[in-house]
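Take a look at the structure below.
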Amino acid sequence: MIGSLNDEIDIFLSSLTGLEESSFNQIKERYSSTVTDDLSKGHLTTNVCMIAASQLKKNPKELADKLQRKLIDSRKFEKVETAGPGFINITLKREDFISTIDNINLQSSNFGSSNHGKDQSIQIEFVSANPTGPLHVGHGRGAAYGDAIGRILKSSGYKVQKEYYINDAGRQIDILTASVFIRIYEEGLKGYFPKNAYKGSYISDIAKLFKEKHKPGNLIDSRILIKDLPQDEEKEIDELILRIKNKENKLWIKIKSFALSKVLQTIRTDLENFNVSFDNWFSESSLGDLNANDSKISLAIKSLKNKGLAYEENGAIWLNTIDSGDDKNRVLIRDDGRATYFASDVAYHKDKIDRGFNKLINVWGADHHGYIKRIEASIKGLGFDKEKLDVQLVQFANLYKDGNKVKMSTRSGEFFSLSDLINEIGTDAARFYYLSKQADQHLDFDLNLAKADSKENMFYYIQYAHARICSLLTKYINENSSMPKMATAVANGSYKNCDKLIHEMSKYPNVVSRASSSLQPHLIIFYLKDFAHFFHSFYNDNQVLTESKENIEAIIYCLNAAKIILSNGLGLLGIKPIEKM
RNA sequence: GCGCCUGUAGCUCAGCUGGAUAGAGCAACUGCCUUCUAAGCAGUGGGUCAGGAGUUCGAAUCUCUUCAGGCGCGCCA
């Protein structure tokens, strides 16, 4: 119905004298017709007169009066009123007003989806946690967010690919391998354990599995490996890694791939349990080696060199990122010939762009924001539009249990893992709380609240509405064997108690489209909370099943639509609606 | 020092490309279960939207500035 209103408005605009085409287009661009906040303002409202007035330097109220007359003459609406500083409020004809519930019931699980992103492909890269241990609570937020915007964009018609970037080529993996190595040989090494190695119990588990499967023999000389290691904890572990690689190279490679696959398996399982799926897992190591001339990483750097953006200084290769707004240039290849993490990332982003996506979304932890400029610079340097890349920052979540902050650190092994969280409150409640606040804001995740039985707990408040509807529908079906096909009593206006609910439902498509264009799933959560409130209020005021047969039929038809709204909204967040509680 | 983010009720937060009297939950106080799920509903009180200036018919929203808080600034990943 908004489309039909806008058509009338456009006709009105083009009938205005003294309106140039450029300002006509500007007005068209800027004005908006929306569903009103509440029924006291009618069903639809438009601010076009205020927008047009500022362009034309005319009185908005006079314009509104003119438009009002036009709209009344069109006979398309029940009532047209001017209000406030120049709003036009529209009351729809009854049949148009209730068309919303017909649409919802008809489109069912497709209601709210659109083809806004038709023929556009978006790639979302998220989580991408280093494969050095299980996912912790901090990763959960990025996982929930990336997955949710994936679902939302998909429902808006975009072709979406979700990707996990596996950092399997850096020093962190060496430390992981060394940690497992030490655990395998801990007896021979008399309990020695480097200060900077991973201490989590999963390391010992992996070591144990390795021993069972590969039955490794004794080391050639275990003591020499740990003799006179440097005191400094960073140097100690680096030296240890070097020694193991030299002395036990075959074993090293074997343990490395074993540990990596075990950790990745854990991560995949955690994500699966969290209802997060990826379409593609991309390994950093697949970018190849700097020594190979045709590897992706070599080619990317060569391309930057050819463009004169990468240069040599002090024995290292640098990328000029200052010209793109960074505060200093960055090293791609160290003076000892090893590539930096940044170099891999440049090659990785080149690869992603080469794959032909219209847009790339990176979901990063907020601590990486200093990194955005240089990655944009590299994209620009490679000859791509930096607008193609959209970095969404996700702030860390602090976890509170019984009023105390829960500490997190992968290194020390003292952390609350994502799977702990899932065990504690369940996948759906966890996803819900992660998404309940704008992603780039700090989130205090209160475990006690997430389990609470009160309205403060939005998750159950919304689910409760769904469960209550399901219960009513079940009762209805048991007595009538089939669902009603229309809402006659609501349509002819003899029963109006559902009107608020219907009006609220008509806002849903707009909410989804806003969530989609702003990449903010929390908008859906807050809408659902408001919607649940409208339902609970209705439920308290109306003893549904004691109404007349005709009214019951109409109400059930409306409530089925309400159920679809709740279920679709939760679905976009990757949450299953609860049928009974 | 530079960069990014934030400041809305006692607390936790919503607030749409600027729009109509600034919203919700919690906490406080009042009511509502012999009837479909009380994890619910209805009501009362509570605000200089951090301060100041500007743009505008109109500012919590945009711009500038001051103050306060958080984070980031490696040839780490």
Give each protein N/O atom lying under 3.5 Å from an N/O atom of nucleotides 56-58 of chain B, with the pair distance.
none

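- When the P atom is compared between B:C13 and B:C67, the two are found 26 Å apart, to the nearest whole Å.
- A donor-acceptor contact closer than 3.5 angstrom is absent between the side chains of A:N130 and A:T132.
- Within the structure, every side-chain polar atom (N or O) of A:R374 is placed at least 4.0 Å from both OP1 and OP2 of B:C73.
- A:D174 and A:Q172 form no side-chain donor-acceptor contact under 3.5 Å, judged by distance and modelled atom types alone.
- Interface remark: the A:N89 side chain does form a donor-acceptor pair with the B:A20 base, using a distance-only criterion of under 3.5 Å.
- Nucleotides B:U66 and B:C26 are separated by 34 Å at their C1' atoms, to the nearest Å.
- Taking the P atom of each, B:G23 and B:A38 are spaced 29 Å apart, rounded to whole Å.
- Checking A:T36 against A:H503 by side-chain atom types alone, a donor-acceptor pair falls below 3.5 Å.
- More than 12 heavy-atom neighbours from other residues, nucleotides or ligands sit within 6.0 angstrom of NZ on A:K507.
- Distance check on atom P: B:G69 versus B:U30 gives 40 Å, rounded to whole Å.
- In this structure B:C33 sits in the syn conformation; its chi angle is within 90° of 0.
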Bracket notation of RNA chain B in which parentheses pair within the strand, [ ] cross earlier pairs, and | pairs with another strand (Watson-Crick or G-U, under 3.5 Å): (((((((..((((.....[...)))).(((((.......))))).....(((((..]....))))))))))))....
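- Candidate nucleotides B:U37, B:C41, B:G19 were compared by shortest atom distance to the side chain of A:N47, and B:G19 ranks first.
- Among the atoms of the strands shown, base atoms are found under 4.0 Å from some heavy atom of A:S32.
- Taking atom P in both B:G15 and B:G19, one finds a spacing of 12 Å when rounded to whole Å.
- Separating the OH atom of A:Y527 from the C1' atom of B:G25 is a distance of 19 Å, rounded to the nearest angstrom.
- For A:K328, the side-chain atoms get nearest to B:G74 when compared with the rest of B:C76, B:C41, B:G74.
- The number of heavy-atom neighbours closer than 6.0 Å to NZ of A:K235, taken from other residues, nucleotides and ligands shown, is 12 or below.
- Checking each of A:F445, A:F459, A:F526 against A:F432 for a ring pair (Phe, Tyr, Trp, His ring centres under 6.0 Å) leaves exactly one that passes, namely A:F459.
- Checked against side-chain contact (heavy atoms from CB on, under 4.5 Å), A:N59 has the following partners two or more places apart in sequence or in another chain: A:K61, A:E62.
- Atom CG of A:D327 and atom C1' of B:C4 are 11 Å apart (whole Å).
- For the C1' atom pair drawn from B:A42 and B:A24, the interatomic distance equals 16 Å after rounding to whole Å.
- Applying the 4.0 Å criterion to OP1 and OP2 of B:C26, one finds that A:Y461 has every side-chain N and O outside that range.
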Residues A:D10, A:L13; criterion side-chain contact (heavy atoms from CB on, under 4.5 Å); working and verdict: CA-CA 5 Å; A:D10 291 347; A:L13 285 177; 4.2 Å; yes
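- For A:Y464 and B:G40, the ring-to-base geometry does not satisfy the stacking test (centroid distance below 5.5 Å, interplanar angle below 30°).
- Between A:H536 and B:C36 there is no side-chain polar atom (N or O) within less than 4.0 angstrom of OP1 or OP2.
- Using atom P as the reference point in both B:A60 and B:A53, the two lie 14 Å apart (nearest Å).
- For B:C76, the OP1/OP2 oxygens have no side-chain nitrogen or oxygen of A:R330 closer than 4.0 Å.
- Taking for each of A:A169 and A:R468 the nucleotide of RNA chain B with the nearest heavy atom, the 5'-most of the two is the partner of A:R468.
- Among the nucleotides B:A20, B:A77, B:U37, the one closest to the side chain of A:H368 is B:A77.
- Among B:C75, B:G72, B:U37, the nucleotide with an atom closest to any side-chain atom of A:N314 is B:C75.
- With B:C75, B:G3, B:A20 as the choices, the nucleotide that has an atom nearest any side-chain atom of A:H369 turns out to be B:G3.
- Checking the phosphate oxygens (OP1, OP2) of B:U37, a side-chain nitrogen or oxygen of A:K475 falls inside 4.0 Å.
- Looking at A:T546, its side chain has no donor and acceptor atom pair within 3.5 Å of the base of B:U35.
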Close N or O pairs between protein and nucleotides 10-15 of chain B (under 3.5 Å):
{"unit_1": "B:C13", "atom_1": "OP1", "unit_2": "A:K437", "atom_2": "NZ", "d": "2.7"}
{"unit_1": "B:G15", "atom_1": "OP1", "unit_2": "A:H522", "atom_2": "NE2", "d": "3.0"}

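- Residue-level contact check: A:Y539 touches the bases, meaning some heavy atom is under 4.0 Å from a base atom.
- Within the structure, every side-chain polar atom (N or O) of A:R334 is placed at least 4.0 Å from both OP1 and OP2 of B:G74.
- Rounded to whole Å, the distance from CH2 on A:W364 to P on B:C71 is 20 Å.
- The gap from the P atom of B:A20 to that of B:C49 amounts to 15 Å, rounded to the nearest Å.
- Side-chain atoms of A:N362 and A:Q392 form no donor-acceptor pair, as typed in the model, at a separation below 3.5 Å.
- Partners of A:Y165 by side-chain contact (heavy atoms from CB on, under 4.5 Å), not counting sequence neighbours, listed by chain and number: A:E125, A:S128, A:N167, A:F282, A:E284, A:L287, A:Y341, A:S344, A:D345, A:Y348.
- When each of B:U37, B:C76, B:G40 is scored by its nearest atom to the side-chain atoms of A:K580, the top-ranked nucleotide is B:U37.
- Listed candidates were B:C75, B:A77, B:C41. Nearest to the side chain of A:Y371 is B:A77.
- The base of B:A42 lies outside donor-acceptor range of the side chain of A:S537, with no N or O pair under 3.5 Å.
- Here the rule is side-chain contact (heavy atoms from CB on, under 4.5 Å) with A:I88, and of A:M50, A:Q68, A:E81 only A:Q68 fits it.
- Along RNA chain B, the nucleotide closest to A:K529 and the one closest to A:E284 are compared, and the more 5′ of them pairs with A:K529.
- With hydrogens and angles ignored, a donor-acceptor pair under 3.5 angstrom links the side chain of A:N540 to the base of B:G40.
- Side chain of A:M581, nearest nucleotide from B:U37, B:A77, B:A20: B:U37.
- Look at A:S471 and you'll find a side-chain N or O under 4.0 angstrom from OP1 or OP2 of B:U37.
- Taking A:S285 as the reference, A:D168 meet the side-chain hydrogen bond (donor to acceptor under 3.5 Å, both in side chains) condition, with sequence neighbours excluded.
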